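The block underneath contains the structure these notes are about, expressed in C-alpha cells.
The figures that follow rest on heavy atoms only: side chains count, while hydrogens, waters and symmetry mates do not. All values reported here derive from a predicted model rather than from experimental measurement. Residues: numbered from 1 along the sequence shown.
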Amino acid sequence: RDRAEGPGAGGDAIGDTVYSKHWLFSTLSRLIEVVREQDSADPEAGGGELGEKEEEELCRVWDMAMDQDVAGFLQEFRAAEILLGVIAKSRSARLTEICVGILGNMACFPEPCLSISKNKDLGAVLLLLLEDSDPPTLLETCRLLLTCVSQASVAPCWLARIRQQASVCQSLCFIMSSSTSVELLVKVGELVHKLFDLDEDLMREWVSLPAPSAEPQSALLVAPCLLEAAKQLRSESPEGLEVYVHTLQLLTTVEEGVQALVEQAGEGVWSLLSGVVTSDLCQPDDPALVLLEQRSLLTPALAVLGVLFCCPDRPAYCSPHSTLPLVASLLRLLQYLKECQQKATESREEGEVAGQPAVSQAEDQSLQFLSETATDFLSSILSELSQESVLELVRSGALTEDSGVCAAQSLQPQHSATVQHLSALLSCVDPQLFASLAPHCPRPRP
C-alpha cells in the first residue's frame with residue numbers, strides 16, 4: 001500500500017517532503033466514509049468508535065500536518081471543510097480530538113491559519129466544542145484557539161466571534177473550576193491570559209457580570225474560577241500557576257477586575273499568593289540566585305497582593321499586622337536581589353574584560369521590575385505598622401541590621417517617608433538597631 005512516509009514517486013510527493021499525496025487523498029477519503037458509516041448506523045446499537053487502523057492513519061496525518069508543505073497541501077485540498085463535516089457528525093470523541101488536532105497543527109502556519117479562521121461555520125463549531133465533556137478534545141480545541149489568537153492577522157476575527165458567543169466565558173470557567181487535568185488547565189489558562197491581554201474590553205465584560213444566557217444562581221464567575229485553577233496547579237505545575245497569577249495581575253489593571261477580585265475571591269487570592277510567597281519561594285535556605293528562576297512568578301504575585309492591600313475598606317485578612325510573614329519574605333527578597341544585582345554587575349565587568357557577552361538586558365530589567373514591585377508593596381505595609389508589629393519583626397529575626405540596612409537603601413529615595421516611619425518606631429522598640437540604621441535613614445525635616 002502507499003505509505004505516508006518514504007520517497008514520493010515522481011510528482012506524488014508533497015512539496016519537498018517524503019509524504020505521498022495519494023496516501024493522503026486515500027486517508028481523507030476513508031475518513032469521510034467512516035463518518036458516513038457512523039451517521040447511518042443505529043445510535044442505540046453502539047459503535048461509532050474508530051478502528052485501530054483508521055486511528056493509526058489519522059494520527060499520521062495529525063503528525064504530518066506539522067510540516068508546512070503538508071499543511072499547505074491540506075489547505076489546498078480544502079481539508080478544513082472536510083474536517084468540519086467530520087467534527088459535526090462524529091460520534092467518536094477520539095475522532096473529534098484528532099480532527100481538531102490536525103487543524104491545530106495546520107494553524108501553526110500563516111496561510112492555513114488564515115483559511116481556517118475565515119471559515120465562519122468552523123469557527124462557530126470550534127467555540128461550541130468548548131462545551132464538550134472530553135478532556136483531550138477540549139485540550140486540542142484550546143490549543144487551536146490559542147494558536148489562532150496568537151497570530152495578529154486573524155486575532156481580531158476570533159476575538160469578535162468570542163465576544164458574540166456568550167457561552168465561551170462560561171465554558172472556560174467551567175473547565176477552570178472543575179477539571180483535574182493539569183495539561184488542560186494550563187492550556188485554558190494560556191488562552192484566557194491571551195484573550196485578556198489582547199482585549200481589555202473583553203476582560204472587563206467577563207469579570208463584570210455573568211453570561212447573559214446563564215441562570216444567576218448557576219453562573220460561574222471568572223475571578224473565583226481563576227483562583228480554583230491556580231490552587232490546583234500550585235503543587236502540580238509551577239509554570240501553569242505562573243500563567244494564572246499573570247492573569248490575576250491583568251485583572252488588577254482595570255477597576256472592574258480589582259472589584260471582582262476583592263468581592264468574589266479576595267480572601268482566597270490573598271491566602272494563595274501570600275502562601276506562595278512566604279512558603280514556596282525565596283526561602284531562608286535558598287541561594288540568592290534562585291530569584292533568577294522565581295522572578296517571573298514573584299513579580300505578579302507581589303503586584304496582586306499589593307493591589308489587594310491598598311484597596312479602600314481593606315478586609316481583616318490583609319490587615320497590616322497579619323502581613324508580618326510577608327514582610328519577613330520581602331526583607332529577605334531585597335537582600336537576595338542586592339546580591340543578584342552585585343553578581344550581575346561583576347559578571348558584566350568580567351564579560352567586558354574577557355570580551356564575552358554580559359548579563360542580558362532582559363534579565364537585568366526583570367530583576368528591576370521585581371525590585372520595584374517588592375519595594376512598593378513593602379513600603380505600603382511598613383508605613384502602617386505599629387510598634388508592636390515592628391517589635392515582633394525584630395524578635396523573630398526578620399528585621400536585623402543587615403535586612404534593615406538593605407531595606408532602607410532599597411526603599412530610598414522614592415519611599416523616604418516610610419523609612420522615616422520605620423526609623424521612628426525602631427527608636428522606641430530597639431534603640432541599638434535604630435542606631436545601626438540611623439546613618440542609612442533620611443533625617444526628619446525640622
Side-chain angles (χ1 to χ4, degrees), residues 230-231 234-235 238 241-242 244-246 248-249 252 266-310 314 317-342 366-386 388-411 414-415 418-419 421-422 425-426 433 437:
K231 285 163 61 177
R234 177 180 177 182
S235 60
L241 173 63
E242 185 180 318
Y244 280 91
V245 176
H246 275 281
L248 291 171
Q249 184 187 13
T252 67
E267 185 169 4
V269 170
W270 180 271
S271 176
L272 171 69
L273 297 187
S274 59
V276 167
V277 172
T278 59
S279 301
D280 300 353
L281 305 177
C282 194
Q283 295 301 292
D285 54 350
D286 286 338
L289 290 177
V290 75
L291 292 186
L292 295 177
E293 299 174 4
Q294 299 178 351
R295 63 188 186 275
S296 56
L297 177 54
L298 271 169
T299 303
L302 292 175
V304 174
L305 288 169
V307 169
L308 291 176
F309 183 81
C310 293
R314 180 191 304 128
Y317 61 77
C318 57
S319 64
H321 187 77
S322 70
T323 63
L324 295 187
L326 278 169
V327 173
S329 290
L330 288 166
L331 291 171
R332 182 167 57 251
L333 187 153
L334 291 178
Q335 288 181 284
Y336 285 4
L337 269 171
K338 182 179 180 181
E339 185 175 334
C340 283
Q341 289 165 341
Q342 287 174 343
S366 64
L367 288 176
Q368 184 59 35
F369 286 154
L370 175 56
S371 176
E372 292 172 0
T373 306
T375 52
D376 287 347
F377 186 27
L378 180 61
S379 176
S380 297
I381 300 174
L382 292 180
S383 64
E384 297 191 36
L385 288 186
S386 63
E388 291 75 13
S389 296
V390 172
L391 180 58
E392 189 172 328
L393 286 171
V394 173
R395 287 175 173 172
S396 69
L399 183 55
T400 63
E401 181 177 349
D402 288 341
S403 65
V405 169
C406 180
Q409 292 173 338
S410 301
L411 288 165
Q414 185 175 359
H415 303 292
T418 298
V419 178
H421 174 70
L422 177 62
L425 295 178
L426 279 173
L433 181 55
L437 294 185

Distance in Å, Tyr336 OH paired with Cys406 SG, rounded so as to fall on 0.5 Å steps: 11.5 Å
Spacing of Ile381 atom CD1 and Leu330 atom CG [to the nearest 0.5 Å]: 5.5 Å
Atom pair OG1/CG of Thr323 and Leu385 - distance to nearest 0.5 Å: 6.0 Å
Smallest separation among heavy atoms of Leu308 and Cys318, with atom names: O-SG, 4.1 Å
Pairs satisfying side chain to side chain donor-acceptor pair (under 3.5 Å), at least one member in residues 367-385, at least two apart: Arg314-Glu384, Gln368-Glu372, Asp376-His415, Ser379-His415, Ser379-Thr418
For Glu339, all residues meeting salt bridge (charged side-chain N to carboxylate O under 4.0 Å, His left out), sequence neighbours excluded: Lys343
Contacts of type side-chain hydrogen bond (donor to acceptor under 3.5 Å, both in side chains), residue Glu242, not counting sequence neighbours: Ser296
Contact check, side chains of Phe377 and Leu326, non-hydrogen atoms, under 4.5 Å: yes
Partners meeting side chain to side chain contact (heavy atoms under 4.5 Å, CB included) with Gln249 (sequence neighbours left out): His246, Thr252, Pro300, Ala303, Val304
Interatomic spacing from CG in Leu422 to CG in Leu411 - rounded to 0.5 Å: 8.5 Å
Expected list for residues 271-281: side-chain donor-acceptor pairs under 3.5 angstrom, two or more places apart:
{"from": "Ser274", "atom 1": "OG", "to": "Trp270", "atom 2": "O", "distance (Å)": "2.6"}
{"from": "Ser274", "atom 1": "OG", "to": "Ser271", "atom 2": "O", "distance (Å)": "3.3"}
{"from": "Thr278", "atom 1": "OG1", "to": "Ser274", "atom 2": "O", "distance (Å)": "2.7"}
{"from": "Asp280", "atom 1": "OD1", "to": "Arg234", "atom 2": "NH2", "distance (Å)": "3.2"}
{"from": "Asp280", "atom 1": "OD2", "to": "Arg234", "atom 2": "NE", "distance (Å)": "2.8"}
{"from": "Asp280", "atom 1": "OD2", "to": "Arg234", "atom 2": "NH2", "distance (Å)": "3.3"}

Qualifying side chain to side chain donor-acceptor pair (under 3.5 Å) pairs with a residue from residues 396-410, counting only residues at least two apart or across chains: Lys338-Gln409, Thr400-Ser403
Straight-line distance of Tyr244 OH to Lys231 NZ, nearest 0.5 Å: 13.5 Å
Heavy atoms from other residues, nucleotides or ligands near CD of Gln342 exceed 12 (cutoff 6.0 Å): yes
Side-chain touch Ser366/Thr299, heavy atoms, less than 4.5 angstrom: no
Pair Leu333-Leu370, side chain to side chain contact (heavy atoms under 4.5 Å, CB included): steps then yes or no: CA-CA 9 Å; Leu333 187 153; Leu370 175 56; 4.2 Å; yes
Contact check, side chains of Val419 and Leu437, non-hydrogen atoms, under 4.5 Å: no
Inter-residue atom distance Leu331.CG - Ser329.OG, 0.5 Å rounding: 9.0 Å
Side chain proximity check, Leu367 to Cys340, heavy atoms < 4.5 angstrom: yes
